[in-house]
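Data first, discussion second: the structure below is written as structure tokens.
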Amino acid sequence: MKQSPCLPASNPESVPRFRGIIREAGRGDISALVAIHRESLGGDFLVRLGPSFLKRVFFPALFDSPRSTLYLAEEDGQPLGLLVGRVGLGGVLGEALRYHPVWFFVTVVGAYIRSPWLLYETVGIVAQLWWRRSQPADDQGDMFLIAVSESARRRGVASSLIRHVMSAFREAGIHSYRILAHAENAGSAATFESVGFRERTLSRFAGRCWRELALDQRFAAGA
Ligand SMILES: CC(C)(COP(=O)(O)OP(=O)(O)OC[C@H]1O[C@@H](n2cnc3c(N)ncnc32)[C@H](O)[C@@H]1OP(=O)(O)O)[C@@H](O)C(=O)NCCC(=O)NCCS
């Protein structure tokens, strides 16, 4: 399998485990969230739409959305990682357009003018969102945008975030979780597998392969 360019190097025994806290992020954290997202997922479609799209459209829409909650991992007051938990499998871009139409239009059109190639990628993203929308899923907890600062990797930050989000979902009565990521991102798959997720589907949209992993704890919950 092709390796992700953002794989952390190694996990020497001397590296201390994560001993910080996980908390819900607020609007005052947007700069930190954007910084970690851009550092960790530089080639991501959303990042390539530009920092203004992230600051003025995408992250504000996540805070506006009744379905999404953003979590931040912090150690000694230093933000290290983030993860979004979202009820259902519908993508957030529709909400972003609804809540921030003017900035959505300005930033996305600006990105297409700068990089017309993004239009082709948009086709794949829309196809992928459409495919997920077609699955009945209000009882599913979706997770996305997991990212940890490069210097804090392989210390258990991401797995702590995932466990925290699963427990928040459980408190809300949701016991089945999904994650969709680029299939070549082996580090992301390994991280979710390390907490019990398993591959569910492998799909191709506009030339890009996506791997969906799932974890179902409904039986464990007695549901
Ligand atoms: C993927 C990512 C979030 C993992 O964060 P992390 O905090 O380093 O992960 P953890 O320390 O919690 O890893 C837990 C376990 O997952 C597995 N794992 C994590 N990263 C791995 C990698 N790159 N390769 C192989 N296994 C990995 C290991 O089993 C690890 O346990 P170990 O360190 O004791 O061996 C981080 O590498 C990252 O931000 N990458 C760039 C952004 C990205 O690709 N996000 C996914 C988008 S869907």
Side-chain angles (χ1 to χ4, degrees), residues 1-23 25 29 32-49 54 58-59 62 68 70-76 78-86 89 91-93 121 124-125 128-129 131-132 140-167 177-205 208-215:
M1 181 185 297
K2 210 167 111 193
Q3 293 286 297
S4 158
C6 51
L7 289 185
S10 63
N11 180 20
E13 303 249 310
S14 56
V15 174
R17 302 302 289 172
F18 173 60
R19 53 179 174 76
I21 56 153
I22 311 273
R23 65 169 174 86
D29 296 309
L33 296 165
V34 170
I36 298 172
H37 185 193
R38 294 183 71 203
E39 179 205 326
S40 304
L41 286 160
D44 188 35
F45 176 74
L46 297 172
V47 170
R48 284 185 296 125
L49 289 178
L54 297 177
F58 186 70
F59 281 104
L62 285 172
S68 303
L70 260 149
Y71 295 89
L72 192 60
E74 259 180 6
E75 196 175 65
D76 302 328
Q78 181 78 18
L80 300 183
L82 70 114
L83 175 60
V84 180
R86 185 169 164 84
L89 301 182
V92 77
L93 287 179
E121 212 172 317
I125 298 285
Q128 177 249 100
L129 292 174
W131 168 72
R132 279 198 121 203
Q140 301 288 321
D142 194 17
M143 298 188 203
F144 63 94
L145 215 69
I146 191 160
V148 172
S149 292
E150 224 163 327
S151 57
R153 290 187 192 161
R154 299 307 286 267
R155 295 183 49 211
V157 176
S159 41
S160 303
L161 278 160
I162 298 166
R163 288 199 181 91
H164 187 93
V165 174
M166 289 199 302
S167 107
Y177 323 110
R178 305 258 190 107
I179 161 84
L180 185 73
H182 289 142
E184 71 270 19
N185 193 335
S188 163
T191 305
F192 281 90
E193 281 165 357
S194 78
V195 296
F197 281 66
R198 294 293 170 259
E199 185 171 310
R200 184 174 177 273
T201 57
L202 207 51
S203 317
R204 185 181 285 273
F205 301 104
R208 244 10 272 230
C209 227
W210 296 79
R211 185 201 314 273
E212 189 175 47
L213 295 122
L215 175 58

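Counting starts at 1 for both ligands and their atoms, in listed order.
Distances from atom 8 (O) of ligand 1 to the heavy atoms of H182, R163, R154 show the closest one on R154. Of the options S159, A152, G81, G43, the smallest heavy-atom separation from atom 12 (O) of ligand 1 is shown by S159. Nearest-residue assignment for atom 45 (N) of ligand 1 (options I146, L180, D44; heavy-atom criterion): I146.
Residue A147 approaches ligand 1 through these ligand atoms, each under 4.0 Å from one of its heavy atoms: 39 (O). Close contacts of ligand 1 with V157, meaning ligand atoms under 4.0 Å from a residue heavy atom, involve 7 (O), 12 (O). Of all the atoms in ligand 1, the ones that sit under 4.0 Å from a non-hydrogen atom of A181 are 48 (S).
The one candidate from L215, I162, L180, L213 that meets the side-chain contact (heavy atoms from CB on, under 4.5 Å) condition with M143 is I162.
Any N or O atom pair closer than 3.5 Å counts here, and R155 shares at least one such pair with ligand 1.
Only the side chain of N185 comes within contact range of ligand 1, with a heavy atom under 4.0 Å; no backbone atom does. When heavy-atom distances to ligand 1 are checked against a 4.0 Å cut-off, A158 comes that close through both its backbone and its side chain.
A distance-only check finds a donor-acceptor pair linking the side chain of R155 to the backbone of P16 [under 3.5 Å].
In this view, E121 and R48 satisfy the salt bridge (Lys or Arg N to Asp or Glu O under 4.0 Å) rule, not counting sequence neighbours. A search for side-chain hydrogen bond (donor to acceptor under 3.5 Å, both in side chains) contacts involving S68 returns S65, R86, not counting sequence neighbours.
A perpendicular orientation is assigned to the rings of F192 and F197, their planes being inclined by more than 60° (bins at 30° and 60°).
Judged by the shortest distance from any of its heavy atoms, A186 lies outside the 4.0 Å radius around the atoms of ligand 1.
Under a 4.0 Å N-O distance rule, the pair R198/E193 does not qualify as a salt bridge.
Looking at H37 and D44, their side chains do bring a donor and an acceptor atom within 3.5 Å of each other.
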